[in-house]
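Report on the following structure.
This is a predicted model, so every value here is computed, not measured.
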Amino acid sequence: MRHGFIKVAALTPKVRVADPKYNKERICELIDTAKEAGAQVLVFPELCITGYTCGDLFYQELLLDEAKEALIDIASFTEKVDGIIFVGLPLEYNGKLYNVAAVVCGGSILGLVPKTHIPNYNEFYERRHFVSGSAEPVPVRLDDDHIVPMGTQILFGCRQMPGLKIGVEICEDLWVPDPPSIGHAMAGATLIVNLSASDETTGKDIYRRNLVNGQSARLICGYVYASAGDGESTQDVVYSGHNLIAENGTILAESARFINESIYSEIDIQRLKEERRRMSTYGTTDAVYLAAEFTLGERRTELTRFVDPAPFVPGKKADREKRCEEIFMIQAMGLKKRLEHTGSQAAVVGISGGLDSTLALLVTSKAFDLLGRDRSGIIAVTMPGFGTTNRTYENAVGLIQSLGATFREVSIADAVRTHFRDIGQDESIHDITYENGQARERTQILMDIANKLGGMVIGTGDMSELALGWATYNGDHMSMYGVNASVPKTLVRHLVRYYADTCEEEELRDVLLDVLDTPVSPELLPPEDGEISQKTEDIVGPYELHDFFLYYVLRFGCTPKKIYRLTKYAFAGTYDNETIAKWLRTFYRRFFSQQFKRSCLPDGPKVGTVAVSPRGDLRMPSDASVRIWTDELDRLHEEDEAEHKNKDKLDTLDEKLDAIFRGFMNG
């Protein structure tokens, strides 16, 4: 439950058709297994207590009575189980038969949710036996000790985790135009569970996966789908036990088919709540739902779900290439429109031989191609200064020549020295004035060349630099259109790599690969032995960490503690805890203190779900206090120490128990 995570499970028992006692035992075995795995929300298939394929045996009083007894036994079995469990059975009420999901927790039956949409087409013939359940809950007597509410408008809320509210639908309910889960989510449900018996036909698994995933995205919820499998009758159809766990459009876990595989993952309830808060079009409902509360033990949920260390970069090569092509087009189309609108005769780009200016030049070349203009109208300017190395200079020249842009070189050394004399700056003192004086001189040169040619300056700075404020105010911070403004550094690297892999020009490819291999640096300090002396990531920290922090701060509003935990998990074996905590503190300090630079950013195209434009995605005061975030960071060290001590105690206890066991075995 810590940091908003709850471990869930979709479980498919091997049933015997029309044998509730046998099925109850299998269900209880899986409950024990899920308990050992730490799951606290357990979902079983539709009608699993009897089997879905009983047919006209559902008319048999004996079967219905034994199913009800089995449910009561299962409830009793859960008395010492720390979890809420959803199981399916047929239930008679007022002379009619209902296909229901029974909800049990801590030895009690909390409620019964009937199926709403009863299929009666193709291979389905449910209306022969079942009727649709009503929305408004009614009291149902199971026996003298159990009177429980039954209705579709019941939400099950956790006392220890107020954000966890669970809504239930059953199989066909999801496949209709207006699923009950829509109403559940609008009433506050953050997790939907579906007890299903979906038979298998060719290609149906793809449709089913897309349906579950799409519903989790549409409703911004977690979705646990448990389906019937091996053991159901194969008289006419086959059930594969295709279980799925999804969260807001991402499949977290999926079972292999035809083997009754149990699956587990963790749903991030905190993340879902944040996503709903920011979406102003996410509506609520006036429908009245019964709130059924349950209790779970508070525990630290061990993570097993995949946490991507590079959230801005797709992991699969095909997806990555598609994303890169799409982003190139967004950047180029944005610039194309701006060039057309302003009537600019030229585009002026400062080229350093680094990643960002390389990407900006590639994008500008693409924009000129889209306009049908000759690339000679791109004025690519190198401005060697006190920190320029031969490697970056030669890469800059090679890049410009390979792309067919117009090459210009303007050394900044004399102009900067004159400026230093004017303001009384000692050139031997390599302070912030020494560095920023060079950056502002370069921007002045670019602006004035653009004015002279009737052109515009194309900005090169990326989103990661803007988040950290790693830009000289009114220096490289300023341009007339910033094509990289919403592209994080980790993605810049992949965009350049993508271009290198697809350009089919060997000379250009070689230059791009060397740019990729060059340390990130503003090159504002003199080189040492001809090599770059000022490495950005040594100063502000690894960009892969900062991009990870940025994603979870802006996309989901996560707390520092949660980001720290996710970072440790995602980068296990790469960075130790002290390093992560150090750079996380740096991120927050710089992110808050440097907002004034982002408040006056030039225009630039948004390419992803996270951006820092003050006109759209980040309307943040420049003088906001960072205190509550740093206070939480101060507590990280104390919690790490306490956690380490607890682990040492558990390890010692395990060793003692092991010694006792060995002694017992040895007599």
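Tested against Val410, the residues Asp448, Ile445, Thr382 include a single side chain to side chain contact (heavy atoms under 4.5 Å, CB included) partner, Ile445. Checking Lys606, Arg555, Arg598 one by one against Asp617, the salt bridge (charged side-chain N to carboxylate O under 4.0 Å, His left out) holds for a single residue, Lys606.
Residues Lys366 and Val363 are not in side-chain contact: their nearest non-hydrogen atoms beyond the backbone lie 4.5 Å or more apart. At a threshold of 4.5 Å between non-hydrogen side-chain atoms, the residues Thr443 and Leu446 do not count as touching. Under the 4.5 Å side-chain criterion, counting only non-hydrogen atoms from C-beta, Asp603 is in contact with Arg615. The shortest side-chain heavy-atom distance between Leu468 and Arg589 does not fall under the 4.5 Å cut-off. Between Val381 and Val349, every side-chain heavy-atom pair lies at or beyond the 4.5 Å cut-off. Counting heavy atoms from C-beta on, the side chains of Leu495 and Cys324 come closer than 4.5 Å. The shortest distance between side-chain heavy atoms of Pro522 and Trp470 falls below 4.5 Å. The side-chain heavy atoms of Ile245 and Glu254, taken from C-beta on, include no pair separated by under 4.5 Å.
In terms of modelled atom types and a separation under 3.5 Å, the side chain of Gln331 and the main chain of Val483 share a donor-acceptor contact. Between the side chain of Gln438 and the main chain of Gly385, no donor-acceptor pair closer than 3.5 Å is present. Checking side-chain atoms of Tyr552 against main-chain N and O of Gly557 turns up no donor-acceptor pair under 3.5 Å. Under a 3.5 Å cut-off, the side chain of Asp431 and the backbone N or O of Tyr434 do form a donor-acceptor pair. At distances below 3.5 Å, not a single donor-acceptor pair connects side-chain atoms of Asp476 with backbone N or O atoms of Ala471. Side chain of Glu435 to backbone of Leu525: no donor-acceptor contact under 3.5 angstrom is found. Panel note: side chain Gln425, backbone Ile429; a donor-acceptor pair is recorded below 3.5 Å. The backbone N or O of Arg305 lies less than 3.5 Å from a partner atom in the side chain of Glu266, making a donor-acceptor pair. Side chain of Ser521 to backbone of Lys535: no donor-acceptor contact under 3.5 angstrom is found. Within the 3.5 Å criterion, the main-chain N or O of Ser376 finds a donor-acceptor partner in the side chain of Thr406.
Arg278 forms no cation-pi arrangement with Phe556, by the criterion of a distance under 6.0 Å to the ring centre and an angle within 45° of the ring axis. A cation-pi arrangement is absent between Lys597 and Tyr473, since the terminal nitrogen or guanidinium carbon is not both under 6.0 Å from the aromatic centre and inside a 45° cone about the axis. Cation-pi check for Arg375 over Phe368 is not met; the charged atom does not lie both under 6.0 angstrom from the ring centroid and within 45 degrees of its normal.
For an aromatic pair to be called close, the ring centres must be under 6.0 Å apart, and Phe549 with Tyr588 fails this. Between Phe548 and Phe571, the ring centre distance stays below 6.0 Å.
Between Pro519 and Ile532, the closest heavy-atom pair is O-CD1, 3.9 Å. The nearest pair of heavy atoms linking Glu632 to Thr559 is OE2-CB, 3.2 Å. Annotation for Pro527 and Ser533: closest pair CA-OG, 4.1 Å, computed over non-hydrogen atoms. Closest approach of Asn213 and Ala246 over heavy atoms only: OD1-CB, 3.8 Å. The heavy-atom pair separating Gly249 from Ser216 by the smallest distance is N-OG, 2.9 Å. The minimum heavy-atom distance between Arg493 and Leu516, with the atom names listed, is NH1-O, 2.7 Å.
For the 3.5 Å distance criterion, the side chains of Arg421 and Thr418 qualify, holding a donor opposite an acceptor. Using modelled atom types, one finds a donor on one side chain and an acceptor on the other under 3.5 Å when comparing Glu544 with Tyr575.
Within a 6.0 Å radius of CE in Met620, other residues, nucleotides and ligands contribute more than 12 heavy atoms. Around atom CD of Glu507, no more than 12 heavy atoms belonging to other residues, nucleotides or ligands sit under 6.0 Å away. Within a 6.0 Å radius of CZ in Phe596, more than 12 heavy atoms belonging to other residues, nucleotides or ligands are found. No more than 12 heavy atoms of other residues, nucleotides or ligands lie within 6.0 Å of CZ in Arg408, so this atom counts as exposed by the packing criterion. In the displayed structure, Asp414 atom CG is contacted under 6.0 Å by at most 12 heavy atoms of other residues, nucleotides or ligands.
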message: Could you walk me through whether Lys317 and Glu321 satisfy the salt bridge (charged side-chain N to carboxylate O under 4.0 Å, His left out) test, starting with their C-alpha distance in whole Å, then the side-chain angles of each, then the deciding distance to 0.1 Å, before giving a yes or no?
response: CA-CA 6 Å; Lys317 186 173 185 290; Glu321 289 178 349; 2.5 Å; yes
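A distance of 9.5 Å separates OG1 in Thr460 from CG in Leu359, rounded to the nearest 0.5 Å. To the nearest 0.5 Å, the span separating CG on Leu508 from OH on Tyr499 amounts to 6.0 Å. Arg509 contributes atom CZ, which lies 12.5 Å from atom CG of Asp514 (distance to the nearest 0.5 angstrom). If you take OH on Tyr564 and CD1 on Ile580, they are separated by 6.5 Å, rounding to the nearest 0.5 Å. To the nearest 0.5 Å, atoms CG (Leu554) and OG1 (Thr609) are separated by 9.5 Å. Between the CG atom in Leu618 and the CE atom in Met463 there is a gap of 10.5 Å [rounded to 0.5 Å].
Salt-bridge formation is detected for the pair Asp517/Arg391: a Lys NZ or Arg NE/NH1/NH2 atom is positioned less than 4.0 Å from an Asp or Glu carboxylate oxygen.
Note: Phe312 and Tyr551 have perpendicular aromatic rings, judged against thresholds of 30 and 60 degrees for the angle between ring planes.
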